[in-house]
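Encoded as structure tokens, the structure appears first; notes follow it.
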Amino acid sequence: MCGIVGFVGNRQAAPILLDGLSKLEYRGYDSAGVAIRNGSEPAKVVKSQGRLRVLAEKTDNGRTLLGTCGIGHTRWATHGEPSKKNAHPHVSGNCTGSGSGDVESEVVGVHNGIIENYKELKEKLLKHGYQFYSQTDTETVIKLVDYYFKKYGDDPVNAIAKTMVRVRGSYALCLMFKSHPGEIWVARKDSPMIIGVADGETYVASDVPAILEYTRQVYYIGNLEIARLVPGEVTFFNLDGDEIRKELSEISWDANSAQLEGYEHFMMKEIHEQPKAITDTLSAVVKDGRIDLSVFGLTEEEVQNLSQITIVGCGSAYHTGVVTQYVMEDLAKIPVRVELASEFRYRTMLLPPNSLVVVVSQSGETADTLEALRQAKEKGIRTLAIVNVMGSSIAREADKVFYTMAGPEIAVATTKAYSAQLIAGYLLSIEFALVRGTISEEKYLEMMGELWALPAKIEKILEDKERIQWFVAKQANVQDVFFIGRGIDYAVCLEGSLKMKEISYVHSEAYAAGELKHGTMSLIEDGTLVIGVVTQKDLFDKTISNMSEVKSRGAYLMGLTTYGHYAIEDTVHFTVYVPKTDEHFTASLSVIPLQLMGYYLSVSRGLDVDKPRNLAKSVTVE
Ligand code: AGP
């Protein structure tokens with residue numbers, strides 16, 4: 001969950017590393033550090049606790065560190081408290097003072113992931129005379145590389161391969177060897193890392209935005225592979241030390257999409273990018289008004305024979321699965337189960353033979369989702385991944401990938417990726433429904449038309465965002481919020497509630513409106529804010545009556561509904577209307593005011609909207 005950047009070329013490395021790290025700061029941010037090599041001089045390591053700007057100030061934005069080869073890291077603590085000593089890079093020797101300063105170590109490196117057996121390895125290294133200065137698992141792995149490097153004759157490939165065989169866990173490792181100036185060595189297992197090349201320059205990063213400004217030509221380093229980076233060239237090796245050939249891929253993302261472009265926060269920018277994310281996702285697969293079934297990797301016969309679909313994801317990705325469940329079951333009449341990846345992977349997976357497992361992930365690197373995918377594959381079940389990041393682990397391992405076209409998403413709280421995932425779920429549902437004959441051709445075309453109309457409707461909601469801001473300003477001191485709804489409205493409540501708690505730190509819960517009476521209602525007292533989402537005509541009266549029940553116990557009610565449902569004003573204190581659409585797709589519209597509420601509440605409380613405390617964008621550890 002940390003961020004890694006490396007550079008080797010003809011320019012000064014430190015400013016490039018700091019710039020790249022600033023694009024990754026959302027991944028982890030309790031400390032940061034860089035190691036820079038100037039020719040054959042030993043690496044100079046500088047670290048600092050706190051935000052990246054502390055490191056930038058300390059090094060005059062990298063200008064005080066000379067050298068054209070270097071590695072950098074932003075840390076999200078797993079082993080060892082956030083401190084300068086525990087910050088990366090780590091060195092194989094005895095580090096001076098708190099971990100900064102010139103070092104004479106052979107190996108210096110940064111790491112993303114978790115080394116599960118580091119205690120046992122540390123014991124072994126202590127016996128061999130190594131001394132440790134930090135509490136991290138990373139220091140152990142760096143020293144282990146040093147141990148094998150010295151034992152087996154100064155060969156980085158061999159030393160790294162031997163280390164990889166000994167360690168258990170996940171890692172993206174980025175190393176420099178004192179006796180190999182002008183080279184960066186990398187290795188990975190179950191932790192993301194990409195390598196970019198440009199004219200005479202080579203970059204490595206744990207995530208695309210870090211290098212997008214410099215190159216879009218990338219190599220994807222596979223699991224249990226090693227690479228040697230020199231200016232403009234990369235050589236790949238397997239664990240046996242044999243060279244592997246790889247093709248370059250081109251990233252289609254635009255460098256500007258990872259910039260704020262005048263917005264105060266990435267979250268607000270990404271909220272406004274939702275119409276484009278939807279249009280781009282539709283345009284990628286809908287040709288002449290139709291979807292080609294092969295984008296989902298299934299034949300008509302296979303769709304007709306599907307006995308079950310299991311949708312797996314975490315957080316918001318899971319929430320889009322809940323929406324898809326309602327839509328798919330209603331339209332295509334296929335039983336759908338929606339599973340939290342972290343639970344699913346440790347349960348007896350009952351997956352019928354003619355079933356499909358759909359894993360949903362923005363990053364394509366979420367550890368639990370990746371493992372759930374692997375287990376489904378091991379059982380011989382067909383898998384489809386709905387993923388935003390091209391070339392990510394989930395995208396590479398699934399039988400088939402449906403790429404959402406949201407572009408880089410920087411804010412920890414997902415918005416545009418969520419919206420694009422909903423579109424993927426709708427397309428899957430209406431295509432399967434057509435193939436299975438549960439909707440007519442006419443209905444299919446009508447629903448397709450509705451999907452294309454969603455972006456303009458979202459624009460319309462955004463035009464009126466100040467009204468939400470005004471309402472939220474009045475609620476700035478709210479303590480608890482309850483989101484209630486039925487059916488798809490309940491599914492969108494899950495997302496609205498998550499948005500609120502993750503960025504504004506306000507306790508909130510999403511409840512199926514009919515469930516309130518079974519316990520939660522006791523929490524309602526005078527002034528408790530309850531937000532009722534009511535977009536489904538057939539469920540309107542039912543949810544309104546649940547809202548009346550909480551109102552009579554003192555709740556302050558906000559209603560979120562579609563234009564036309566004006567009767568809601570008889571019950572609620574404040575109403576937000578969204579445009580009408582096919583009722584299967586209302587989540588795409590009703591989620592927008594809920595995202596805005598979370599955003600404005602966070603801003604009004606003076607919080608760090610894009611980088612909420614304790615959270616990271618990609619959860620690459622379980
Ligand atoms: C949502 O705002 C969260 N940041 C989080 O729940 C996220 O959706 C979840 O961690 C899954 O991530 P993924 O889509 O990258 O797999």
Side-chain angles (χ1 to χ4, degrees), residues 1 24 26-29 76 190-192 206-209 265-268 270-271 274 277 311-324 338-345 358-374 385-395 397-398 401-404 406-422 424-425 491-505 508 510 591-592 594-599 601-602 607-622:
M1 293 155 78
L24 296 186
Y26 63 89
R27 294 180 65 103
Y29 32 82
W76 187 88
D190 294 341
S191 212
S206 49
D207 212 349
V208 179
H265 300 103
F266 278 107
M267 184 178 174
M268 187 51 108
E270 289 160 6
I271 286 174
Q274 291 180 105
I311 305 177
V312 188
C314 299
S316 299
Y318 166 82
H319 295 161
T320 68
V322 181
V323 176
T324 303
V338 194
E339 304 277 359
L340 289 165
S342 53
E343 289 295 309
F344 183 63
R345 62 180 288 191
V358 180
V359 293
V360 187
S361 176
Q362 187 284 128
S363 61
E365 301 291 350
T366 301
D368 286 320
T369 313
L370 178 59
E371 185 52 32
L373 166 73
R374 287 179 179 162
I386 296 174
V387 171
N388 195 45
V389 178
M390 197 183 147
S392 54
S393 302
I394 291 176
E397 292 191 27
V401 193
F402 179 104
Y403 279 115
T404 48
E409 193 176 62
I410 309 293
V412 165
T414 182
T415 50
K416 60 177 179 170
Y418 171 91
S419 283
Q421 286 163 0
L422 286 182
V492 91
C493 283
L494 294 170
E495 180 61 7
S497 171
L498 180 62
K499 286 285 91 80
M500 180 141 297
K501 59 191 137 200
E502 74 175 323
I503 53 172
S504 63
Y505 315 157
S508 72
V591 77
I592 309 292
L594 302 183
Q595 294 169 343
L596 289 168
M597 285 186 76
Y599 173 84
L601 197 53
S602 177
L607 301 173
D608 194 341
V609 180
D610 288 336
K611 303 179 194 111
R613 69 184 178 201
N614 308 336
L615 297 176
K617 181 70 177 164
S618 303
V619 185
T620 50
V621 292
E622 67 171 296

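Whatever order the structure lists them in is the order used to number ligands and atoms, beginning at 1. These numbers were taken from a predicted model, which means no experiment stands behind them. Sequential numbering from 1 along the given sequence is applied to the chain's residues.
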Note: Thr414 and Glu495 closest approach over all heavy atoms is O-OE2, 3.9 Å
Atoms of ligand 1 under 4.0 Å from any heavy atom of Leu498, numbered from 1 in the order shown, are 6 (O)
### Message
We want to know whether Thr415 and Gln595 form a side-chain donor-acceptor pair, criterion being a heavy-atom distance below 3.5 angstrom.
### Response
no
Please indicate whether any nitrogen or oxygen in Ala413 is less than 3.5 Å from any nitrogen or oxygen in ligand 1.
no
Review point. Is there at least one pair of N or O atoms, one from Lys617 and one from ligand 1, spaced under 3.5 Å apart?
Key: no
So CG of Leu373 and CD1 of Ile394: to nearest 0.5 Å the spacing works out to 6.5 Å
Under 3.5 Å: N/O of Thr414 near N/O of ligand 1 = yes
closest protein heavy atom to atom 10 (O) of ligand 1 is Val619 CG2, 4.1 Å
dist Lys611:NZ -> Ile410:CD1 (nearest 0.5 Å) comes out at 10.5 Å
Any side-chain donor near an acceptor of the partner, Gln421 and Thr404, under 3.5 Å: no
Ligand 1 to Gly315, heavy atom cutoff 4.0 Å, flagged ligand atoms 6 (O)
Paired with Glu365, the side-chain hydrogen bond (donor to acceptor under 3.5 Å, both in side chains) test is passed by just one of Ser206, Ser392, Ser393, namely Ser393
Between the OH atom in Tyr599 and the CD1 atom in Ile503, the distance rounded to the nearest 0.5 Å is 9.0 Å
Query raised in the report: Of all the heavy atoms in Val412, does at least one lie under 4.0 Å from an atom in ligand 1?
Result: yes
In ligand 1, the atoms that come under 4.0 Å of a heavy atom of Ser363 are 13 (P), 15 (O), 16 (O)
Checklist entry - Quick one: does Lys499 get within less than 4.0 Å of ligand 1, heavy atoms only? => result yes
The closest protein heavy-atom partner of atom 9 (C) of ligand 1 is Cys314 O, 3.5 Å
Going by the 4.0 angstrom heavy-atom rule, the piece of Glu502 near ligand 1 is side chain
So is Ser618 close enough to ligand 1, meaning a heavy atom under 4.0 angstrom away? no
Ranked by distance from atom 14 (O) of ligand 1, the top protein heavy atom is Gln362 N, 2.6 Å
Atoms of ligand 1 under 4.0 Å from any heavy atom of Ser316, numbered from 1 in the order shown, are 1 (C), 2 (O), 6 (O), 8 (O)
Exercise. Kindly determine whether Arg345 and Thr369 satisfy side chain to side chain contact (heavy atoms under 4.5 Å, CB included), including the steps that lead there.
Key: CA-CA 8 Å; Arg345 62 180 288 191; Thr369 313; over 6 Å; no
The closest protein heavy-atom partner of atom 12 (O) of ligand 1 is Thr366 OG1, 3.5 Å
Q.
Assess whether a salt bridge exists between Arg374 and Glu397, defined as any Lys/Arg side-chain N lying under 4.0 Å from an Asp/Glu carboxylate O.
A. yes
Using side chain to side chain contact (heavy atoms under 4.5 Å, CB included), reason through Glu502 and Val412 one step at a time and then give a plain yes or no.
CA-CA 9 Å; Glu502 74 175 323; Val412 165; 4.2 Å; yes
